[in-house]
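What you see below is based on every heavy atom in this structure, not just the backbone, and it leaves out hydrogens, waters and symmetry mates. Throughout, residue positions are numbered sequentially from 1 according to the sequence presented.
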Amino acid sequence: MANLTGVNPLTISQTNLMESKTLEFENPIYNKILNKFNPKKPIILTDNLGGVWSTMPGQQDVDVVWPRTTYTNTRPDWYIKNHDLISFEGKWCRDKYPCIIEIRRKNELNAIPFDRLRIEEEPNEKVVLRLPLHESIIFGFNANGEQVFKGPTKNH
């Protein structure tokens, strides 16, 4: 980039040091950093002089280190944090699985759902969905994509 523009921008990698579905795909340094620092939120590492650290100096200036995802009621904590939640009810799927549940803002029914969750089988633990601040509608769809439920959320 500096060769093209004459500007040396700050380059940040947010993907080198993050969890993957399986350990074999993770950067080997990632677990060492997690074990040493146990971050609860994204961090960057610095040296004793305050300089930022990178896994690939010369190619990028800094790496963001992401903590492993923790879950509450089957959902990532970072995703449901600071949101009102509603507990899944089997009637939304007509007790047939798999199904997809969507929460949509009442005044934005054609927009991207506020929350969407595929449920493979009847849950044996509590499952929650996020609620927007405004009135919202719950939709349930069967495995063929047919709507099997539509109703208002209870807390709005």
Side-chain angles (χ1 to χ4, degrees), residues 1 9-45 52 54-56 59-156:
M1 177 77 109
L10 174 67
T11 55
I12 302 170
S13 170
Q14 295 196 57
T15 57
N16 278 347
L17 300 173
M18 63 184 294
E19 68 187 334
S20 184
K21 188 171 184 170
T22 61
L23 294 176
E24 68 184 290
F25 295 115
E26 292 180 355
N27 187 320
I29 298 169
Y30 180 61
N31 270 319
K32 292 177 183 178
I33 293 171
L34 291 185
N35 289 336
K36 182 170 183 163
F37 297 103
N38 193 24
K40 301 299 181 205
K41 58 185 179 181
I43 63 170
I44 60 169
L45 300 178
V52 293
S54 169
T55 55
M56 298 188 302
Q59 294 181 29
Q60 65 192 35
D61 296 313
V62 65
D63 285 283
V64 176
V65 181
W66 292 92
R68 290 209 180 274
T69 302
T70 55
Y71 295 84
T72 302
N73 299 318
T74 74
R75 306 302 298 275
D77 288 336
W78 58 263
Y79 185 72
I80 62 173
K81 185 178 181 179
N82 300 323
H83 286 280
D84 289 336
L85 304 173
I86 188 168
S87 294
F88 169 76
E89 297 179 24
K91 69 179 182 179
W92 300 344
C93 294
R94 297 286 184 238
D95 292 312
K96 294 191 183 343
Y97 304 92
C99 72
I100 293 177
I101 303 302
E102 293 181 351
I103 306 287
R104 293 180 177 265
R105 292 178 180 96
K106 186 175 180 181
N107 60 348
E108 299 177 3
L109 295 179
N110 291 324
I112 295 171
F114 187 78
D115 196 3
R116 184 177 204 204
L117 182 63
R118 180 180 169 97
I119 301 177
E120 294 294 328
E121 57 190 35
E122 183 174 358
N124 57 6
E125 60 186 297
K126 185 176 179 180
V127 175
V128 297
L129 289 102
R130 297 183 320 160
L131 290 173
L133 295 176
H134 303 90
E135 287 185 80
S136 54
I137 307 288
I138 300 168
F139 292 88
F141 300 93
N142 66 18
N144 297 321
E146 301 161 331
Q147 182 181 310
V148 295
F149 182 86
K150 177 180 179 183
T153 56
K154 294 178 182 175
N155 69 339
H156 290 113

- Check whether any side-chain heavy atom of Ile138 sits under 4.5 Å from a side-chain heavy atom of Ile86, and report yes or no. yes
- Message: Do Lys96 and Val148 make a side-chain contact, defined as non-hydrogen atoms from C-beta onward lying under 4.5 Å apart?
- Response: no
- From CA spacing to verdict: side chain to side chain contact (heavy atoms under 4.5 Å, CB included), Val65, Phe37: CA-CA 10 Å; Val65 181; Phe37 297 103; over 6 Å; no
- Query: Is the number of heavy atoms from other residues, nucleotides or ligands within 6.0 Å of CD1 (Ile112) greater than 12?
  - Reply: no
- Residue pairs passing the disulfide bond (SG atoms under 2.5 Å apart) test where at least one lies in residues 82-146, sequence neighbours excluded: Cys93-Cys99
- Note on the structure: ring pair (Phe, Tyr, Trp, His ring centres under 6.0 Å) filter on Tyr30, not counting sequence neighbours, yields none
- Message: Please find the pair of heavy atoms, one from Pro76 and one from Tyr71, that lie closest to each other, and give the distance.
- Response: N-CD2, 3.5 Å
- Task: Evaluate whether atom CG of Asn144 has more than 12 neighbouring non-hydrogen atoms of other residues, nucleotides or ligands under 6.0 angstrom away.
- Result: yes
- Message: Restricting to side chain to side chain donor-acceptor pair (under 3.5 Å), what partner residues turn up for Ser87, sequence neighbours left out?
- Response: none
- Hits for side chain to side chain donor-acceptor pair (under 3.5 Å) against Thr70, two or more places apart or cross-chain, chain-then-number order -> Asp77
- Item | Min side-chain heavy-atom separation Lys40-Pro67 under 4.5 Å | no
- Message: To the closest 0.5 Å, what do you measure between CD (Glu102) and CG (Leu109)?
- Response: 10.5 Å
- Item | Exam field: side chain Asp61 to backbone Thr11, donor-acceptor pair closer than 3.5 Å | yes
- Query: How are the rings of Phe141 and Phe139 set relative to one another: parallel (under 30°), tilted (30 to 60°) or perpendicular (over 60°)?
  - Reply: parallel
- Query: Rounded to the nearest 0.5 Å, what separation is found between the CZ atom of Arg68 and the CG atom of Leu34?
  - Reply: 5.5 Å
- Task: Please round to the nearest 0.5 Å and tell me the distance separating atom CG of Asn27 and atom CD1 of Ile33.
- Result: 7.5 Å
- Asn142 and Glu146: which non-hydrogen atoms are nearest, and at how many Å? ND2-OE1, 2.7 Å
- Test salt bridge (Lys or Arg N to Asp or Glu O under 4.0 Å), reference Glu108, set Arg105, Arg104, Lys106, output is Arg105
- Taking only residues two or more places apart in sequence or in another chain, which ones pass salt bridge (Lys or Arg N to Asp or Glu O under 4.0 Å) with Arg94? none
- Nearest 0.5 Å please: distance from the CD1 atom of Ile137 over to the CG atom of Asn107. 10.0 Å
- Query: Between Thr153 and Asp84, is a side chain to side chain contact (heavy atoms under 4.5 Å, CB included) present by the stated rule, with each step listed?
  - Reply: CA-CA 11 Å; Thr153 56; Asp84 289 336; over 6 Å; no
- One should read off an interatomic distance between Ile44 CD1 and Gln14 CD, to the nearest 0.5 angstrom, of 11.0 Å
- Any side-chain heavy atom of Arg116 sitting closer than 4.5 Å to one from Ile100? yes
- Query: With no hydrogens and no angle check, is any side-chain donor or acceptor of Ser54 less than 3.5 Å from a backbone partner on Asp63?
  - Reply: no
Could you pull out every donor-acceptor pair under 3.5 Å between side chains of residues 117-130 and any protein atom, sequence neighbours left out?
from: Arg118; atom 1: NE; to: Glu120; atom 2: OE2; distance (Å): 2.4
from: Arg130; atom 1: NE; to: Tyr79; atom 2: OH; distance (Å): 3.4
from: Arg130; atom 1: NH1; to: His83; atom 2: NE2; distance (Å): 3.2
from: Arg130; atom 1: NH2; to: Tyr79; atom 2: OH; distance (Å): 3.4
from: Arg130; atom 1: NH2; to: Phe114; atom 2: O; distance (Å): 2.8

- Item | Pairwise distance OG(Ser136) to CD1(Ile103) - rounded to 0.5 angstrom | 5.5 Å
- Message: Assess the residue pair Met18 and Val64 against the criterion (side chain to side chain contact (heavy atoms under 4.5 Å, CB included)); give the C-alpha distance rounded to whole Å, side-chain angles, the decisive distance to 0.1 Å, and a yes or no.
- Response: CA-CA 8 Å; Met18 63 184 294; Val64 176; over 6 Å; no
